[in-house]
Structure formats: structure tokens, C-alpha cells
Amino acid sequence: MSNIELSEQELIRRASLQKLRDLGINPYPANEFKVNVTANQIITTFNPEIPNLQEVVFAGRLMSQRIMGKASFGELQDETGRIQIYVNRDEVCPGEDKTLYNEVFKKLLDIGDIVGVMGYVFITQMGETTIHVKEFVLLSKSIRPLPVVKEKEGKTFDAFTDPEQRYRQRYLDLIVNPHVKEVFLKRTKIINQMREMFNERGYIEVETPILQPIPGGAAARPFITHHNALNMPLYLRVANELYLKRLIVGGFEGVYEFSKDFRNEGMDRTHNPEFTVMEIYVAYKDYNWMMDFTEEMIERVAVALHGMTSIPVGDKEIDFKRPYKRITMFDSIREHTGFDISEMDEIALRDVCQKIGVEFDNTMGKGKLIDEIFGAKCEGNYIQPTFITDYPVEMSPLCKKHRNNPELTERFELMVNGKELCNAYSELNDPIDQLDRFQEQLRLSEKGDNEAMFIDMDFVRALEYGMPPTSGMGIGIDRLTMLMTNSISIQDVLLFPQMKPEKRAEEDSAEKYLELGIPAEWVEVLMKMGYKKVSQLKEVKPGKLFNDLCGFNKKNQLGLTNPAANDVTNWLN
RNA sequence: GACUCUGUAGCUCAGCUGGUAGAGCAAUUGACUCUUAAUCAAUGGGUCGAGGGUUCGAUUCCCUCCGGGGUCACCA
């Protein structure tokens, strides 16, 4: 990168980098730095009575500096938090040469540098636990200034809040906004809790293909890609359900996977094109068993995170203590609309939609219509965890028909805070029925429902060999994390949420300028001056350009030899 | 996709009805041996998102585009 692209502060830091090298200090040393304590350990375990922690080796990022002549304070931040350091000139530089303090510490170190310190812990007159530094070493130089966030008495000043920058440059967000790290630590804890519970029960964690020839297991638009060697399309999975069930056919009796799934659909507060789902399948169980299991799992996660079952979500308080209310979809619709739709056909359902003001179109079948009604009138009412059970068969092509009513399926969704959190079935294991359902989906797809599924004939073949009765459940890990961390947006629980790419202004390549006979050193100057395209250059008068170039050279002290006025005229012709 | 708000210094933000920009922090230089949003003094730093239009003159008004936020729609 050329120097004129850099801000003043970046230039100063690069100059500091060179000065450090001139002093024989490697700003990026290779050797291991053996730390023996964390910031949090110092703060929680230091006891001035003993005193302990008298030979600490600590490393972290320099987050603030308060220089007062011969002594200085600063703060270092490691993974666990911040600790104050105290540096005294004559202790760090016992001899005559005070360069290490006066130059290196006071001038050449910047906020953002990674620094290692050796010393002992004490408590200052102001009561702050502090490392009294006897030696320090630069571990990594930062040449780009960090946003400086300050805090006093719980109030934050100049907080780094721009959502775009926070998500694009998550590393900055993590450095500067400590609460952000908490969310992601909790996310990991949620996943670990679930994994522990499954492993305790002997279920097997597996991995299934992300690149699938047929994107099955859910009705969603897939991302498509191409495999060159096989010269065939491949899809990024929208679900892993069909593969996990193949494993149940193969004799595993409990399998689960934390699965990154991909759906080529809209993005908003609750949707990211790639997202994480945990799916689990257990043989010889049904959806009633799975409801008990799901309750236990979620309650366990809530307690592990918060020590209690009741947690704040937005302006509400949600209690994850089991058991959760269970209500059938028909009862729910009756409760919230006053209509009993259990015996209705497509025509009657359209009539209901009309009466209660639910939008619909003629491509919608019975299942879709019921789903629309539920989504519009019922879903949002379930703030406390509630199982909605017994969905119509048209909406659930992978789910076993209800033991008491062939129009329904043995399916439940867990609704929390007005949104779907889990989805589970007594899995359909009748191969003939499964093929019929797939074909019905295909008919719907031909009718215009572009979310209807592809048919996976190998999956049907697997079922033909026989799959034990099985119950399966899927849960959105991102949404669960949002609930458990009280986050409003999915972007707050994804380390790197999907963003539009950063766009740079359109510009011509350097070659185009060189072709005009412009020396390379002046090309970057022209670009910096705003002539991003050769065509723009052609529109200015040579005299003006000549003046501007010389002026720019002088003003920015580039030290270049000015071109002759004639040269400039020649460039433009 | 629709509506709406928004883009000014490294960061957070001011900038009235049009006259090419200010503050705090950060930075630079100096003072200061227990400070903590350290303090004090001085200094530098900006194609005011991009392009076009109106105008003698646009950061400001109008249009288009680009980026971002919010709401809604779409998305079991």
C-alpha cells in the first residue's frame, strides 16, 4: 500500500514500527511467551496480606495509557478481562539509559499493541489491583488505530456501536465491546450442554454431507454449486434429516449432528443464509417421548446458563421450567379464531381466511392454508414455551400420520416468544406412504409452490429396507442462543453474519495510466487526487492538472520531482 | 421488494433558512513518580458516501446510484 493511502495516525504508527526496529526491537517476535496468570485470576485471587502473585507473567492488549512523567499506568486486556499495569521509569530502566521507558514505553507503544509484562501484583492507593511491571516486552505491534472506548462508573463513552462495522470487523467488536464476547461464550456453553446430555445417553454425534446431490429434508430454496470432476450440480444442504434417518436404518439407535444449513432466502433479524441446527433422531421413540426430552434439554440449558429457569427476553420474562403447555394445532386455531377447521376442506378454509383477514392465493393447498391461519393468528400468542401438536398431513411430508387421525401427523413445534424454536416428528417410516407424500409434494411444486421438495429415491429405498419407529427433533441453535442471551438480532449471535461485500469505487487499473506515459510514481498521486479513471483525466486542462500535481506534491511532502508542464500536456493527448 | 431514517476527522457526534467545517476522545510536541473518561499547555488532521442538477457559490436544496439501520412483506 502506498503511503498516501494511509491516515496520519497510521503513518505515525508505521514510523514507530521502524524506530523500534532501529532500536533492535523486533515488533513481531517469534518466540513463545509463557504467561502464568490471567487478568481474571489476578483480580479474583490476589491477597495483599500474603501477598501472593509476586512473580506474574502476563500478556494482553494495551487498551489505555496514562503517562505521568517518570511513572505510567496502563491497562492490558486478555481473554478474561482487563488489569491495570504500573510502570516506573527507574525500575524498568535501572541504568543510565532510559530509552526503554522514555522512548519505547512512552512513545513507541500505542493503544492496541500486544504487550507482555513481568512483575508483581499490588494494590494502588486508589484501591486498584495492579501489576507492578519490572520488565515488559512488545509481542505484536498494532499499526491501525483502535476505536477508543472509555468507561466510568458503568457509563460508556464513545461506544463503538456502528452495526455495519461491528459485524464486518467482528474482531474489533470483540476487542472493544466486552459484552459481545459473553454472548459467544454462552453460545458455546449452550452447545456443550446439549452435546453433554446427548453423550450421557449414549447418542452418537455424526457428520453428514453438506454438499448434496438432492437437497432434501426441508422445503426451502437451496444454494446450488457445481462439481467439476463429476460435471454435476451439487446443492448446499437445507437440512440433514434424510441422512440422519439413513443412519437409523443402518442400525444407529441415537444420532445427532450440529449442522450448518444453507437456505437461499431473505435475510433479516431472524434469518441468515447459513445457520445452525441441531437435529437428533432416536429409535423406538415417539413424539410424546420427544416432547419430554426437549423440555428436559431446554430447561437444562437455561439452568446451566443462568442458574434458574426464568430469564428475561426483551420486555418479557420467559420461564423454561418444564413441563410446557401442549395444545393441538386445531385447538389453537379454535382458541384464537373461533373457527373449528378440523373437518374443513380447501374451499371452506379459503372462506375462513377471507373472514378473518388472512391473505392467501389459489396455489395454496389445505396444509398451506392452515399454516397461514396459524402463522397469522396463533403463533405470536405463545410467549411462554408451548408445544403445538398434530399438524395437518399436507404440511409434514416426512412425518408419520397420527395414530388416531390420518388427516394429521404426529408432529410438534415448540413455540417460544411467538416464534418456532423446535420441530419434531414421530418419523414416517412407511416407505410406500413416504413415496406418496413425496409425489404429492411434487404435484404442489408443479402447482407453483416453489418450496415443495425434491424426491430422494435413495432415501425411499433405505426406508424400504425398514427403519425402526423413530422420533426426531430439530432445534435452531441461533434462535435458541438469541433467546438465552436476550439478543434481538441473529447477527448478534453469529460471529460473522453474512454481509454484502464491501464495495470500492470503480477505478481504472494502473496500466491504463502507464499507457499514457505517466510515470508510476504519479499514477498513485493522480488516483489519490480523485482521478480514478483515465476518462476523468482527459477532461481537465493540462495547465490546471500541472499546478494541482505540483501543489499536491508540496502539500503532502511526497518529495517527488515535479514533472515538466510539457510532460503533463503530453499525457493528456 | 416497499416505506422510513441515515452516511461529516481514527472513534462518538454538532453544523439553523445554501457562503468549502467544529467539539470530545484518539494522535503529535511539551510538563507531571499512585493515575484511572488522569490532568495541564500547544499543534496537526477532513475530495462532508459517489455521480449529476439548480445556483455566482452546495456538507446544506433536488435527482440517481452505493452502503448501513429500523418497520413491513417474503421466509414451515
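Naming: A, B, ... by sequence-line order, numbering from 1 per chain.
In terms of phosphate contacts, A:R66 brings a side-chain nitrogen or oxygen within less than 4.0 Å of OP1 or OP2 of B:A38. At B:U35, none of the side-chain N or O atoms of A:Q65 fall inside 4.0 Å of OP1 or OP2 (strictly under the cut-off). Between B:A38 and A:K150, a contact under 4.0 Å exists linking OP1 or OP2 to a side-chain N or O. For A:R168 and B:G68, the shortest distance from a side-chain N or O to OP1 or OP2 is below 4.0 Å. Listed pair A:R269 / B:U71 meets the phosphate criterion, a side-chain N or O lying under 4.0 Å from OP1 or OP2.
Side-chain atoms of A:E164 and base atoms of B:G67 include no donor and acceptor less than 3.5 Å apart. Applying the 3.5 Å distance criterion, the base of B:A26 shares a donor-acceptor pair with the side chain of A:Q9. Side chain A:Q84 to base B:U35: a donor-acceptor pair is found below 3.5 Å.
With hydrogens and angles left out, the side-chain atoms of A:Q169 and A:D173 include no donor and acceptor closer than 3.5 Å. For the residue pair A:Y324 and A:T294, no side-chain donor N or O sits within less than 3.5 Å of a side-chain acceptor on the partner. With no hydrogens or angles considered, no side-chain donor-acceptor pair links A:R89 and A:N102 at under 3.5 Å.
The aromatic rings of A:F73 and A:Y86 are tilted relative to each other, their planes meeting at an angle between 30° and 60°.
Counting only distance, with no hydrogens or angles, the side chain of A:D113 and the backbone of A:S142 share a donor-acceptor pair below 3.5 Å. Not a single donor-acceptor pair under 3.5 Å links the side chain of A:T386 to the backbone N or O of A:M415.
Nucleotides B:C65 and B:C3, compared at atom P, are 11 Å apart to the nearest Å. Comparing the P positions of B:C11 and B:A50 gives an interatomic distance of 15 Å, to the nearest angstrom. For the C1' atoms, the distance linking B:U28 with B:A14 amounts to 25 Å, nearest Å. Here, B:C16 and B:C62 have their P atoms 14 Å apart, quoted to the whole Å. Nucleotides B:U60 and B:U71, compared at atom C1', are 28 Å apart to the nearest Å. If you take atom P in B:U4 and the same atom in B:U64, they sit 12 Å apart, rounded to whole Å. Across the C1' atoms, B:C32 and B:G68 are found 44 Å apart, a figure rounded to whole Å. Separating the C1' atom of B:C5 from that of B:G10 is a span of 26 Å, rounded to the nearest Å.
A:E151 has no carboxylate O lying under 4.0 Å from a charged side-chain N of A:R82, or vice versa, which leaves the two without a salt bridge. Between A:E410 and A:K400, none of the side-chain N atoms (NZ, or NE/NH1/NH2) sits under 4.0 Å from a carboxylate O, so this pair counts as no salt bridge. A salt bridge between A:E10 and A:R14 is absent, with no side-chain N of the basic residue lying under 4.0 Å from a carboxylate O of the acidic one.
Nucleic acid contact class of A:F122 (heavy atoms, under 4.0 Å, all strands): base. Across all strands, A:D162 comes closer than 4.0 Å only to sugar-phosphate atoms, never to a base (heavy-atom distances). No contact: A:R13 has no heavy atom under 4.0 Å from any strand. Nucleic acid contact class of A:E128 (heavy atoms, under 4.0 Å, all strands): base.
Among B:G45, B:G24, B:C34, the nucleotide with an atom closest to any side-chain atom of A:D158 is B:G24. Checked against B:G44, B:C34, B:G10, the side chain of A:S7 finds its nearest nucleotide in B:G10. The side chain of A:P163 sits closest to B:G69 out of B:G69, B:G10, B:A76. Across B:A26, B:G44, B:U35, the shortest atom-to-atom separation from the side chain of A:T124 is found for B:U35. When distances run from any side-chain atom of A:D268 to the nucleotides B:C25, B:U28, B:C75, the shortest one goes to B:C75.
Residue pairs meeting the salt bridge (Lys or Arg N to Asp or Glu O under 4.0 Å) criterion with at least one member in residues 417-427 of chain A, sequence neighbours excluded, are A:K245-A:E427.
For the pair A:T270 and A:M126, both in contact range of RNA chain B, the more 5′-proximal nearest nucleotide belongs to A:M126. Heavy-atom distances to RNA chain B give each of A:S16 and A:G74 a nearest nucleotide, and the one nearer the 5′ end belongs to A:S16.
The interatomic distance linking A:F157 (CZ) with B:C11 (C1') rounds to 15 Å, in whole Å. Atom CD of A:E372 is separated from atom P of B:A76 by 9 Å (rounded to the nearest Å). Atom pair A:D492:CG and B:G70:C1' shows a separation of 14 Å (rounding to whole Å applied). Rounded to an integer number of Å, the gap from A:E151 CD to B:U12 C1' is 15 Å. Going from atom CZ of A:R263 over to atom C1' of B:C75 covers 9 Å, rounded to whole Å. Look at CG on A:L146: it is 14 Å from C1' on B:U12, rounded to the nearest Å. A straight line from CZ of A:F160 to C1' of B:A26 spans 14 Å, rounded to a whole angstrom. Nucleotide B:C25 holds its P atom 18 Å from the CE atom of A:M63, rounded to whole Å.
Counted within 6.0 Å of CG on A:L495, heavy atoms from surrounding residues, nucleotides or ligands total more than 12; the atom is thus considered enclosed.
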Protein-nucleotides 30-33 of chain B N/O pairs closer than 3.5 Å?
unit_1: B:G30; atom_1: OP2; unit_2: A:K107; atom_2: NZ; d: 3.4
unit_1: B:C32; atom_1: N3; unit_2: A:I67; atom_2: O; d: 3.4
unit_1: B:C32; atom_1: N3; unit_2: A:G69; atom_2: N; d: 3.1
unit_1: B:C32; atom_1: N4; unit_2: A:G69; atom_2: N; d: 3.2
unit_1: B:U33; atom_1: O2; unit_2: A:Y86; atom_2: OH; d: 3.4
unit_1: B:U33; atom_1: O2; unit_2: A:N88; atom_2: ND2; d: 2.8

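To the nearest 0.5 angstrom, A:M329 atom CE is 7.5 Å from A:R411 atom CZ. One finds the CD atom of A:E103 at 10.0 Å from the CG atom of A:D97 (value rounded to the nearest 0.5 Å).
Scanning RNA chain B for stems, defined as runs of 3 or more consecutive Watson-Crick or G-U wobble pairs whose donor-acceptor distances all fall under 3.5 Å, gives the following ranges: B:1-7 with B:66-72, B:10-13 with B:22-25, B:27-31 with B:39-43, B:49-53 with B:61-65.
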